[in-house]
Every structure is written in C-alpha cells, then in structure tokens.
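Notes to accompany the following structure.
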2 protein chains.
Amino acid sequence: MPSQATEDYLKHIFQLTLENPHQLVSMGDLAESMEVVPGTATSMVKKLHRDKLVHYEAYSGVKLTSKGRKTALRVLRRHRLVETLLVETFGLDWAEVHEDAERLEHAISDKLMERIDSFLGHPLTDPHGDPIPASDGEMPTTKIHRLVDGVAGDKVTITRILDQEQAFLRFIDERGLRPGTTVRIEQTDDVGDAMTVRPSRRQPVTMGRAAARKLLVEPAG
Amino acid sequence: MPSQATEDYLKHIFQLTLENPHQLVSMGDLAESMEVVPGTATSMVKKLHRDKLVHYEAYSGVKLTSKGRKTALRVLRRHRLVETLLVETFGLDWAEVHEDAERLEHAISDKLMERIDSFLGHPLTDPHGDPIPASDGEMPTTKIHRLVDGVAGDKVTITRILDQEQAFLRFIDERGLRPGTTVRIEQTDDVGDAMTVRPSRRQPVTMGRAAARKLLVEPAG
DNA sequence: GAGATTATTTTGACTCGTCAAAATATAGAG
DNA sequence: CTCTATATTTTGACGAGTCAAAATAATCTC
C-alpha cells in the first residue's frame, strides 16, 4: 500500500500536469501545491522515483510513470466519489467538502468504494465537474480545452474547476462561473496577463491567466 | 488534534477498561490489543501521560483521565456511527466493517459526523449493540452485566459484543449469539474456565471465560 | 558571456511511532 | 525468605516525512 503522503504527491503531480500538459512539474510548483518546502519535495520525489512511480531527472522536473498514474487515478476516484457522496447524500456545501474528502480518500477500501459507487448510481462527474475515473483506473478521455487558450469572441461552457481551494471556489461561485455555465470571452490581454469573460445575464469577470488556466471548458453553440 | 495513534491508544484503553472495570490496564494487555511490543506501549503511554490523557504509574498500569475519556468517546462515537453507516446504508456485512471503520474514524470532521448522524436518524446503538456516545461526549450509562458473571439457570439477552475481530464476530454469528438474542446459561465450570449457554431453538454453545467476558447482557424475562 | 538572481539539491537535525534486546522490577514457588 | 519466572521499562536504532539553511546548478540581465 502506498502511504498517504505518497498518494498525495502522486495526486498533486497528476493535477499539476493537467494544468500544463506538456511540461514536467517543477519542484517549486509541487512544493507549493503540497505546502512543503522545496527540499522536502525533492526528497520525496526521489523516493517516488526509487519506487518507479515517477520519472525524475535532477533540475528538470517530474512526471508520472504509468504505474504512478494508475495510483493517482485510484486516489482521484476515491476523492471524487467521496465528494459526490458528501454533497449529494449528506448535504454538505460544494465549497466545503474538500478537506473531509482529502482525508477520507486515504481511508476507504476498494470494496467500500464500489458500494458507495453503486449507492450513488455510478456518477460520471463529481460536484466540481471533474470526471470520476473508472475502477479499472481508466478515465473518460474527453478532449481538454482550457479557458486560458480561448480567444475573444469564443463562447464556451465551463466544465471543470481544477482548483479545490475554498477561496477559489467561492470566487467562482460568487461570479456565476460554476460548471455548466456558458460564458463569452470578451477580451484577452496579453500584456496585462488577464482575460475577461461574461456569463449570460451577469457582470463580466476579469481574471488573471493563472486563474483562467484552472477552468476547463468545451465549445458552446 | 490528537494523532491517529493517540486516538487508537485511548480507544483501546477505554475498551480494555470496559472488560475489567476495576483494574488498571496493564502494559502487556494494552500492547497485545494494539499489536505492538510492550516497550512501545510503555513509551506511548508516557506521552499520553505527559499530555494528561491518562493516569500512569510505572509498573502498576494505566487508566484514562477525564480528558482522555472524552477523547476516547469522541473516537468511539465516530467509529460506531461509521459502522452503522456502512452496514445500514452501504450494505456491508456486520463482521467485515471493522477495518474500514477503524480508518474512517480518524478522517471525519465533526461537521460531517453530525450530518451522518442525522442521515441515520440519530441511532442509539451500532450493529454490534454498542451504544453510540452523544456528541457532547456523554454515553448512556446503562448498567453493565457481563455474561461471564451469570450463573447457571440465568436467562439473559445479549446486548453487546466487546470484540470486533472478524474471527470472533463470525464465531458469535455462526452460533446464533448476535445482540438481541436471549440465551439460558446451562452451566458454568470454574475448573474448566468455561461456560455453556443455549440460545433458544439452537445448539448449546460452550465458550471460555475470556470469550464470555466479551459479551454483555441484560436480564431477560 | 559574466555576474546576479532564482530554483534546486544537499546536509543535518528533528518528531513520531515503531522494534529488538538489555536492564530492571515484581510476583510466584518452594 | 530466596530464587526463578514473568512483566515492565530502558536503551539504541530505524524509516517516514518534515524544516532550516548551506551548497550548487540553471537562468536571466545587461
């Protein structure tokens, strides 16, 4: 069994890779995301490499091996099913389930997980719009479009939020950018590193590129 | 927050005290119950003592302080509510829920716990007949009778099973000794350290005193 | 392309929970 | 009451995961 810490590192590497698909994950980003000092990230990544869970080359960065990805997807499956359970069954709020799910994802046996999956009726996505990997570890590979890659005039539907921080989710929520919402990209500002989008019947929202990178979309009518 | 290990030690001390109410818990028993070597139990108990969670005197034994008991009861509440959830809602078997519950009990916030409690309709006992402590940490103090203290001729109803090991629960299950069952004490054998009980319409069951100590009962008709 | 800045890695130290085995205390037998 | 068996505690070690700070590599800036 991988330790909790191992599962967490793999999950974070997986998620960071999603935000920037064609780059290795840097120690700095990983450390920030895990909330540890960079040296800790380096030493943990070396252990993951020793266990063949990641590819790692000093000073260049890290990415998952297929073994590592498989483990990450199992963790993600548990995380997302748990979040769905907490919201749908126990009525917790969209923005506040992350912390509980964060701990519960390491404490649930495969058998229990499958029972929960049946109980929920085999949901395909969690409350944040994230797809729930299947129990064989495979994930529905829908093509991924990032809001940040859109251009002015595009109309897109928000499908997923890649950051589960309460503060970020509240930002999204308050401005009407939940999964399912369709928005028009009003303008993009290379110099200002920002873009402005307008959800229908709502105020336009301007956000930095870093934020826009965390929203996934699909083209809308 | 107490660590997982701390919560586990407190819980085990609580349970061992229940089996033998008027004695301190010995390091040997605690170590066996925690499945660690005795030295580990000693050193952990010293930390619990340092944190004012237990009373401890070298070479004599250990018992909970009121602070320790409060913590133990919170863990027990989570454990028992989780077991109830797993059996009632997710349909897991009576005998197989212990391990999952063992991990989940450390991973659930107070808020989530209260939601689960409501979802389940505020149950008073878990599937093993163990009372679920209230959220304020208090437990319905019903008078405790142990099967082992009964005498031949007594008719008693089994109310609780104090051991959650799969093997023991299967033993109980197969012989028809689940909580709720009424049995007649056929004979007690001081020398053989055994007693024989007969559940209605069933074969008599002979068990050792150590086993009989783990069954709590109440006088029946 | 040389020096300054930033990122990464290394080193040494620390806590937690554990074990093995040695030292010591307690309890039991005669 | 002494000797032996058993229980407990102590000691030294370990792996996991972490931090602080020093050393080193990579990257920018001019």
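First the proteins, then the strands, lettered A, B, ... as listed; each starts at 1.
Partners of A:D154 by salt bridge (charged side-chain N to carboxylate O under 4.0 Å, His left out), not counting sequence neighbours: none found. Scored by the side-chain contact (heavy atoms from CB on, under 4.5 Å) test, A:E186 finds A:R184, A:T196, A:R198 as partners (sequence neighbours excluded). The salt bridge (charged side-chain N to carboxylate O under 4.0 Å, His left out) check on B:R209 picks up B:D190, B:D193, with sequence neighbours excluded. For A:A212, the side-chain contact (heavy atoms from CB on, under 4.5 Å) criterion is met by A:L147, A:V148, A:M195, A:M207, not counting sequence neighbours. Shown here are the side-chain contact (heavy atoms from CB on, under 4.5 Å) partners of A:D93, two or more places apart in sequence or in another chain: A:A95, A:E96. Listed by chain and number, the residues in a side-chain contact (heavy atoms from CB on, under 4.5 Å) with A:F119 are A:L85, A:T89, B:T89, B:F90, B:F119 (sequence neighbours excluded). Evaluation of the side-chain hydrogen bond (donor to acceptor under 3.5 Å, both in side chains) rule for B:E114 yields B:R77 as partners, not counting sequence neighbours.
Around atom CZ of A:R80, more than 12 heavy atoms belonging to other residues, nucleotides or ligands sit under 6.0 Å away.
Using a 4.0 Å cut-off on heavy atoms, none of the residues of residues 11-32 of chain A approach DNA chain D. Contacts of residues 54-61 of chain A with DNA chain C (heavy atom under 4.0 Å): A:Y56, A:A58, A:Y59.
In this structure, the helix from C:dG1-D:dC30 to C:dG30-D:dC1 shows an angle of 0° between the axis at its start and the axis at its end, each fitted on 5 base pairs and rounded to 10°.
For A:R146 and A:D149, the salt-bridge test passes: some basic side-chain N is under 4.0 Å from an acidic carboxylate O.
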Quiz item: Tell me, for nucleotides 15-22 of chain D in 5' to 3' order, what letter each nucleotide earns: B for a base near a protein heavy atom under 4.0 Å, S for only sugar-phosphate near one, - for neither?
Solution: --BBBS--

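For the salt bridge (charged side-chain N to carboxylate O under 4.0 Å, His left out) test with A:E105, the passing option among A:R74, A:R78, A:K11 is A:K11; the others fail.
When all heavy atoms are compared, the tightest approach of A:L24 to A:S60 is CD1-OG, 3.7 Å.
Separating the NZ atom of B:K46 from the P atom of D:dT9 is a distance of 8 Å, rounded to the nearest angstrom.
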Validation: residues 31-55 of chain B side-chain donor-acceptor distances under 3.5 Å, sequence neighbours left out:
{"from": "B:T42", "atom 1": "OG1", "to": "B:P38", "atom 2": "O", "distance (Å)": "3.3"}
{"from": "B:S43", "atom 1": "OG", "to": "B:T40", "atom 2": "O", "distance (Å)": "3.2"}

